[in-house]
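Here the structure is a predicted model, which is why all the values come from computation and not from measurement.
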Amino acid sequence: MYELFKRVVDTVKRMPPNLRFLIVISSVFVLAGTILIYSLARNISYGVLYGSLPPEDVGAVIDELERMNISYRLSAGGSMISVPAGKIGEVRVRLASAGVPSGGVIGYEIFDRTSIGTTDFVQKLNYRRALEGELMRTISGLSEVAAARVHIVIPQEKLFVEDEIPATASVVLKLRAGARLDKRKVNGIMQLVAAGVEGLRPENVTMLDYSGNLLSPNTAADPTVALSGRQLELQKAVESYLQSKAQSLLDRVIGPGRSIVRINAELNFEQVEKTIEEYDPDNLTIVSQERNEEVITDNSSTGDGGTTGSQTKKDNSIINYEVNRTVQHIVAQTGNIKRLMLSVVVDGKYAPPAEGEETEPVFTPRSAEELGQLSSVVRTAVGLDEDRGDSFEMVSVQFDRQYFKDEQEQLDKLEQRNFFMNIGKKVLQVLGLLVALLILRRIWKKVVAAVKAWVPPAPPRRKPPPLIEEEPIEPIIPEKRKPKLVDQMSEVAKERPDEIAKVIRTMMME
């Protein structure tokens, strides 16, 4: 292993500086790409499990998460815990079953640790604490509420009813960022708290936010204030309902944005109770009847000593009659419509300009016949009753469209600017990508050139000889040639061997 490492080090030392720099840069790019691919392959997104937890709950939640072998992240100074998004629901259920986070709130579980020697005062105190804790948990479960505090005052029971003091409660809410509570939800929380405490009425519940703003209506001192508020809300609801009916009808007939409907409704909020008792003397009813019949016998003596008798009948009848009586107890409904006042403004017609002219369309008010038809359908839609004293008015005037034209021009300019900005962003992105590719291409060329300069080139491969088509071989005819020196000497040696031997002997002697 050491020898291998030494060889690698020696090889790197023998490299030129440019080649070593390029190898280091390439290694960094490869390592960064590997890390990026690994992180994308994992693709784990974290979601908020709990936010704005008190410190005592953060430790308990972390202990449970570690016990369940679930990865987590802390943020917002350690008050926000995030877990993998796909496990948020499961983790919350498992943590709730374990009783965390408690939010520093003690509920009815306080009675699980009650000892036998607890006094009645401590029991009452624990009951109030448990009741406050359960109400805080319930209110904190609302989507708009981040935290809640509830304080309940339950006075001691008195011997006499006139000496009793009503129960009261105060609620402090911490709303989430950007959240608001409307009147309906405020009244719902007040009703919830009042229903959870015996002897507590909703008007005795005071509700504040963390900024000290009063959320609950102060109606305990003057109940007529709450009654006036409800009456105003009912009047607005009736006007809005009737106005939407008439407006939707006109929008379908003459087009949207070409009519304006306003309704003023007078409602009868008088509470009237009447009892009517009527008698009918001409129609008598026998209630009871009693009849008594009596026979009286009268015996008298005659002169000759005999007797004579006579009987007398006596009838006595008692009849009791009762006059028919009708009793009616009438309670008049409150909030019924007393009078309606309806005003409608409709736009006229616009004639297109002549061909070739650039003038604006010519306005023409609607005819009386058209206004009458529109008035008839609107009257029927809202249930107008002239006998009740309802009033109705409809006019046709030209609407001022200059404001809408200016708004449309501004919107067109804004849209055009956004269009060009988007195109510019895309062009810059493409240019940036091209510049990055060019830079990488130059770096790659330098790397390749340096490697080629340092590594000897591979031997070229032999190319196979080209295929030559065979041509027919012509017969070779030996040509006549002139005799060369060797041939001449061979012939002389054959013809005069003695002379050749002398020549050779002379050469050897020399």
In terms of heavy-atom contacts, R92 and V48 come closest through NH2-O, 3.4 Å

E66 atom CD, neighbour heavy-atom count above 12 within 6.0 Å:
yes

Considering residues, nucleotides and ligands other than Y241, do more than 12 of their heavy atoms fall under 6.0 Å from its OH?
no

Given side chains that start at C-beta, do those of L215 and I189 come closer than 4.5 Å, heavy atoms only?
no

Please list every donor-acceptor pair under 3.5 Å in which a side-chain atom of residues 410-429 meets a protein atom from a residue at least two apart or in another chain.
from	atom 1	to	atom 2	distance (Å)
D412	OD1	Q408	NE2	3.2
N418	ND2	L414	O	3.2
N422	ND2	N418	O	3.0

To the nearest 0.5 Å, how far apart are OG in S391 and CE in M341?
6.0 Å

Has Q398 got a side-chain atom pairing as donor or acceptor with G348's backbone, closer than 3.5 angstrom?
no

Please give me the minimum heavy-atom distance between I165 and P155, naming the atom from each residue.
O-CG, 2.8 Å

With sequence neighbours left out, write down each residue that passes side chain to side chain donor-acceptor pair (under 3.5 Å) with N187, or none if nothing qualifies.
none

Using side-chain heavy atoms (C-beta onward) and a distance below 4.5 Å, is V193 in contact with L200?
yes

Would you check if the side chain of R366 reaches a backbone N or O of D347 as a donor-acceptor pair within less than 3.5 Å?
yes

Is S240 reaching over with its side chain to a backbone N or O of K236, donor-acceptor style, under 3.5 angstrom?
no

Side-chain polar contacts of residues 375-382 - donor-acceptor pairs under 3.5 angstrom, sequence neighbours left out - could you list them?
from	atom 1	to	atom 2	distance (Å)
S375	OG	L371	O	2.7
R379	NH1	E386	OE2	3.2
T380	OG1	S376	O	3.0

Do L125 and R128 touch side chain to side chain, with heavy atoms closer than 4.5 Å?
yes

Close side-chain approach of V197 and L135, heavy atoms under 4.5 Å:
yes

With a 4.5 Å cut-off on side-chain heavy atoms, are L340 and R388 touching?
yes

What I want to find out is whether R67 reaches E64 closely enough, with some N-O distance under 4.0 Å, to be called a salt bridge.
yes

Got I81 and L74 here, is their nearest side-chain heavy-atom distance under 4.5 Å?
yes

For the atom pair CD (E370) and CD1 (I254), what is the distance rounded to the nearest 0.5 Å?
9.5 Å

Residues that Q235 engages under side chain to side chain donor-acceptor pair (under 3.5 Å), provided they are two or more places apart:
E239

M136 side, atom CE; L131 side, atom CG - distance, nearest 0.5 Å
9.5 Å

With a 4.5 Å cut-off on side-chain heavy atoms, are L214 and T206 touching?
yes

Are any side-chain N or O atoms of D390 and backbone N or O atoms of D385, one a donor and one an acceptor, separated by less than 3.5 Å?
yes

Taking atom CZ of R201 as the centre, report whether more than 12 heavy atoms of other residues, nucleotides or ligands fall under 6.0 Å from it.
no

For the side chain of Q247 and the backbone of S259, is there at least one donor-acceptor N/O pair under 3.5 Å apart?
yes

CG/L173 to CG/L208 distance, rounded to the nearest 0.5 angstrom?
8.5 Å

Which heavy atom in V186 sits nearest to a heavy atom in S216, and how many Å separate them?
CG1-CA, 4.0 Å

So, R339 side chain and G389 main chain: donor-acceptor pair closer than 3.5 Å or not?
yes

Tell me every residue that passes salt bridge (charged side-chain N to carboxylate O under 4.0 Å, His left out) with E144, counting only those two or more places apart in sequence or in another chain.
K185

Contacts of S211 that satisfy side chain to side chain donor-acceptor pair (under 3.5 Å) - sequence neighbours left out:
none

